Structures are given as C-alpha cells and as structure tokens.
Amino acid sequence: MLIVGIGGTLREGSSCEAALRIALAEAERCGAATVCFAGPQLVLPMYDPADSARAPTAAALIAALRAADGVVLASPGYHGSISGLVKNALDYAEDMARDARVYLDGLPIGCVATAYGPQAASGTLATLRAVAHGLRGWPTGYGAAVIARTGLFADGGCTDPAIDDQLRLVGRQVADAAKRRARAA
Ligand SMILES: Cc1cc2nc3c(=O)[nH]c(=O)nc-3n(C[C@H](O)[C@H](O)[C@H](O)COP(=O)(O)O)c2cc1C
C-alpha cells in the first residue's frame, strides 16, 4: 500500500511540509509505505500538455501517482488559494488522463491546508478538495485547515496536540480507505 504525499513550500523549515509529513507518518504507522514530494522537489517546468519531455522529478512524480493507493495533498494558502507550486505539480497528473486508471480515479485523497488566517486556510482546503474531485479522487471525510504560527512545528513534530491529532486523522483516513479499497478489489 503506497501513499504519495505532495505539498509544502520552498521555505526552509516549511510548516506546510511539516504538516504533510505528520500525516504521512501516521499513514506509515497504519501500515502504508509513503513517498513524499515536497518543496524543492516540486520545482518543475510549467506543465505543458504539448511537450511530452518530462524532467526526471516530474517523471518520478507521475510514476509514484500511477502506483499510489492513496494521496495526501498539502498546500499553503497563498492569496486565498493553493500555491502555484503545488498546483503546477498536480497539473502533471494530466499525463494520466488516458491511463487504464484515469488520473487518481477512486483513490482516497487527504487534504491539508496551512495559512496564517482561517479564511485562506478553509478556502485552500476547499480548493484542494475540488482538485481531488477533478482528478476523480475521493477527498477523505476529514480535511485539516491549519492556522500556521511560529513554533507550531518543531523537530518534525507539532507542538499543538489538537492540530497534531487533526493531521494524523487525515493520514489515518487515507490509509484506512486505501486498505478497504484493496480488500474490495
Ligand atoms: C505569497 C504568499 C501569499 C500568502 N497569502 C496568504 C493569504 O492570503 N492568507 C493567509 O492567511 N496566509 C497567507 N500566506 C501565509 C502562508 O499561508 C503561510 O506562509 C503558509 O501556510 C506556511 O508556509 P510555510 O510552509 O512556508 O511555513 C501567504 C504567504 C505567501 C508567501
């Protein structure tokens, strides 16, 4: 069972990436293998449907998504919505439009948004879920809208137990849904 994480920012010590990694760690605790494409790994050429050449990282991202049993998406709220970095990476899923499993069809997708305020956090979470639907995935029941603040993440952990629980719930729901899907196949 493979869960693929995509998200974070280019900032050293990104809280969005820390949030993503906590959700993935919980998916691992539930028995999943995980792979994470975060921050600098998402620096890809703007997706061009007319150009089939793919940078090695883009090819690795697409290969991971093709093998995925579940996905966790994490984006910062930039000016009220998901960041260009994360959206451009997700646009590469267009390469899966003609796969036998189209895009992320049927996969559980956990969504995590971070922002300084509730408006951008909740709007970004809603947008991530809309993208998940656009890719034919199933956003999990719980999505985390995290208000990022200095000191919230340290040493790979979250200093607020309630937010830590929320992030872990996202990872657990993705792993549990992936397990149920595998059993039903
Ligand atoms: C270009 C830019 C735009 C941002 N716009 C918003 C915004 O509209 N609302 C908000 O609450 N936070 C905004 N933020 C704050 C980010 O959401 C916050 O930095 C992010 O969630 C955590 O970033 P990190 O992963 O780099 O730590 C913005 C930050 C940047 C750099």
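Counting starts at 1 for both ligands and their atoms, following the listed order. No experiment lies behind these values; they were computed from the predicted model shown.
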Please report the closest heavy-atom contact between Ala148 and Ser15, naming both atoms and the distance.
-> CB-OG, 3.8 Å
Identify the two heavy atoms, one from Thr114 and one from Ala19, that lie closest to each other, and give their separation to 0.1 Å.
->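 That would be CG2-CB, 4.3 Å.
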Atom CD of Gln119: over 12 foreign heavy atoms under 6.0 Å | no
Below 4.0 angstrom, N of the basic side chain to O of the carboxylate: do Lys179 and Asp69 qualify?
-> no
Under 4.0 Å between a Lys/Arg side-chain N and an Asp/Glu carboxylate O for Asp95 and Arg54?
->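 Here Asp95 pairs with Arg54 in a salt bridge, since their nearest N and O are under 4.0 Å apart.
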For ligand 1, what are the residues with a heavy-atom contact below 4.0 Å?
-> Thr9, Arg11, Ser14, Ser15, Cys16, Pro76, Gly77, Tyr78, His79, Gly80, Thr114, Ala115, Tyr116, Gly117, Ala120
Given side chain to side chain contact (heavy atoms under 4.5 Å, CB included), test Asp160 with Leu152 step by step and report yes or no.
-> CA-CA 7 Å; Asp160 182 323; Leu152 181 60; 3.6 Å; yes
